[in-house]
Amino acid sequence: MSQPATAGTAKQAANVMLIGVSLAHLLNDAMQSVVPAVFPIFQKSMQLSFAQIGWIAFTLNLTASVLQPLIGYYTDRKPMPILLPLGMVFTLLGMIGLAFSPGLAMLIISAAFIGVGSSVLHPESSRVAHLAAGKGRGLAQSIFQVGGNTGQALAPLMVAFILTSQGQLGFLWFTLLAVAGIIIQWNVSRWYGEQTRLLHRAERRTSTNNDQTLSKGFVFFVLSTLIVLLFSKFVYLASMTGYYSFYFMEQYQLPLEKAQISLFALQFAGMVGTLLGGPLADRFGRKKIIWFSILGTAPFSIWLPYASPTGSFLLCLAIGAILMSGFSVIIVYAQEMLPGKVGTIAGLFFGLSFGMAGLGSVVLGWLIDQTGVAFMIQICAFLPLLGLFALLLPKDSKLMRQ
């Protein structure tokens with residue numbers, strides 16, 4: 001009886017840790033997503049141009065992207081559990097900086113701190129989710145990712161009910177979230193440290209064996225295709241989270257609070273889609289869910305610029321549910337292709353997602369200054385059509401045979 005009881009206790013502890021990193025992901029992404037959601041407030045109070053707003057988004061996403069692959073690559077060889085709470089410390093400093101920023105320079109520095117905190121969290125927390133997964137890797141990655149999507153969904157509501165009434169000083173309330181994240185990640189890091197001491201040698205042997213069976217050409221083709229899909233997804237999301245509020249207010253002559261409701265619908269539906277994407281991929285195959293999550297968004301995204309305010313809400317629900325169902329599946333698909341490189345893949349893909357969103361924000365901000373927000377929204381609506389490239393991916397069975 002002792003062995004089953006021990007196994008049951010270990011599984012229960014793993015589930016608790018999985019929920020812990022998902023909750024930490026929620027807190028991190030809520031704080032990170034508040035920054036683009038509050039752009040209209042910064043623009044009004046500091047008289048910023050759209051290009052300057054784009055540079056804030058670029059800094060946030062660049063710092064969140066550059067470090068992630070490096071951290072993932074390094075921690076695949078030498079895990080660093082202490083990075084989990086340390087990342088939240090950087091986010092805490094960023095929230096304090098946003099509350100007291102007098103101008104653009106301090107906003108950019110504060111955004112950089114938040115980006116660094118995010119770059120530290122994602123690779124190591126994804127490794128925790130992988131360790132806690134057991135056989136249900138798709139489900140475990142979805143549970144981790146749904147925490148982030150939930151935080152993103154809550155960000156517009158936090159802006160509407162906290163920051164629109166209190167202004168910049170309202171960011172001080174978010175320091176409470178950062179402190180809670182530090183506590184959660186500290187406890188997760190203790191479990192993570194124990195597990196890596198037991199399993200890291202086996203992981204390294206798996207990685208070595210995999211390097212001998214996969215051709216570089218095969219890996220390059222698959223990763224390149226996945227990166228195209230990430231581009232379509234995250235540049236489109238950058239257009240929505242960073243600038244759709246401006247389009248909504250201009251198009252319908254409605255206040256910021258009303259615009260945030262549609263963005264909340266987008267993020268809330270994304271949370272549901274993320275939670276369902278992993279289990280559906282475990283059941284029906286990774287490739288099917290990946291191509292559907294990108295290409296299936298296109299009819300709704302193309303319709304969105306011409307919808308009514310009510311139609312905007314409903315279309316954002318559909319876009320969020322479909323588009324966000326595939327990211328966790330893409331990560332697991334790549335991790336199964338390169339086992340033993342869990343942190344590297346997570347860091348690379350999370351890093352690329354933030355980097356593409358950041359560069360996209362700068363380019364889109366410049367485009368708005370030149371042509372107007374309506375033109376930009378209409379052009380970006382066609383980005384999900386790049387989901388056609390997903391049809392080129394090898395089937396799951398072929399990938400596993402490789």
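From a predicted model like this one, the values you see are computed outputs, not experimental measurements. If you read the sequence from its start, that first residue is 1, and numbering goes on from there. Below, all heavy atoms of this structure are taken into account, side chains as well, without hydrogens, waters or symmetry copies.
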Any idea which heavy atoms bring [X] and [Y] closest together, and the distance?
X	Y	value
Cys380	Tyr236	O-CD1, 3.2 Å
Met88	Ala24	CE-O, 3.3 Å
Ala281	Val329	CB-CG1, 3.6 Å
Tyr333	Pro394	OH-O, 2.7 Å
Leu385	Ala298	CD2-CB, 3.6 Å
Pro123	Ala346	CA-CB, 4.3 Å

Please walk me through it: do Met46 and Leu104 pass side-chain contact (heavy atoms from CB on, under 4.5 Å)?
CA-CA 8 Å; Met46 300 182 186; Leu104 178 63; 6.0 Å; no
Between Phe234 and Phe327, what is the ring plane arrangement, given parallel below 30°, perpendicular above 60°, and tilted in between?
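Answer is perpendicular, since the angle exceeds 60°.
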Measure up the Trp55 and Phe58 rings against each other and bin them: parallel (under 30°), tilted (30 to 60°), perpendicular (over 60°).
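Trp55 and Phe58: perpendicular rings.
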Going from [atom1] on [X] to [atom2] on [Y], what distance comes out if it is rounded to the nearest 0.5 angstrom?
X	Y	atom1	atom2	result
Leu98	Thr175	CG	OG1	11.5 Å
Asn28	Phe90	CG	CZ	13.0 Å
Leu172	Ile162	CG	CD1	11.5 Å
Leu323	Leu237	CG	CG	5.0 Å
Met376	Ile368	CE	CD1	3.5 Å
Tyr74	Met80	OH	CE	6.0 Å

For residues Thr274 and Gln145, is any side-chain donor paired with an opposing acceptor at under 3.5 Å?
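Their side chains do not contain a donor-acceptor pair, so the 3.5 Å distance test is not met.
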Is the backbone of [Y] close enough, under 3.5 Å, to the side chain of [X] for a donor and an acceptor to pair up by distance?
X	Y	value
Ser22	Ile19	no
Ser119	Val116	yes
Lys287	Leu391	yes
Ser125	His122	no
Thr297	Ser293	yes

Under the rule for ring-ring contact (aromatic ring centres under 6.0 Å, His included), what residues qualify as partners of [X], not counting sequence neighbours?
X	value
Tyr252	Phe248
Phe144	His25
Tyr192	none
Phe268	Phe264

Residues which pass side chain to side chain contact (heavy atoms under 4.5 Å, CB included) with Ala374, listed by chain and number, not counting sequence neighbours
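Tyr247, Glu250, Gln378.
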Hey, does [Y] have a side-chain heavy atom less than 4.5 Å from the side chain of [X]?
X	Y	result
Val128	Trp191	yes
Phe382	Ile302	yes
Leu107	Gln52	no
Leu226	Val222	yes
Phe375	Gln370	no
Gln251	Val373	no
Phe39	Ile56	yes
Thr371	Ile379	no

Enumerate the side chain to side chain donor-acceptor pair (under 3.5 Å) contacts for residues 310-330, please, sequence neighbours excluded, ordered by first and then second residue.
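Residue pairs passing side chain to side chain donor-acceptor pair (under 3.5 Å), neighbours aside: Ser142-Ser328, Tyr244-Ser312, Ser262-Ser312.
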Give a yes or no on whether Phe246 atom CZ has more than 12 heavy-atom contacts from other residues, nucleotides or ligands under 6.0 Å away.
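Yes.
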More than 12 non-hydrogen atoms from neighbouring residues, nucleotides or ligands closer than 6.0 Å to CZ on Phe113, yes or no?
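Atom CZ in Phe113 is not crowded, with 12 or fewer foreign heavy atoms closer than 6.0 Å.
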Can you check side-chain contact (heavy atoms from CB on, under 4.5 Å) on Cys316 and Leu304, steps first, answer last?
CA-CA 8 Å; Cys316 282; Leu304 179 62; 4.3 Å; yes
Carefully, step by step, assess Leu383 and Ser301 under the rule side-chain contact (heavy atoms from CB on, under 4.5 Å).
CA-CA 9 Å; Leu383 282 171; Ser301 65; over 6 Å; no
Could you walk me through whether Ile71 and Val120 pass the side-chain contact (heavy atoms from CB on, under 4.5 Å) test, one step at a time?
CA-CA 7 Å; Ile71 291 173; Val120 171; 3.9 Å; yes
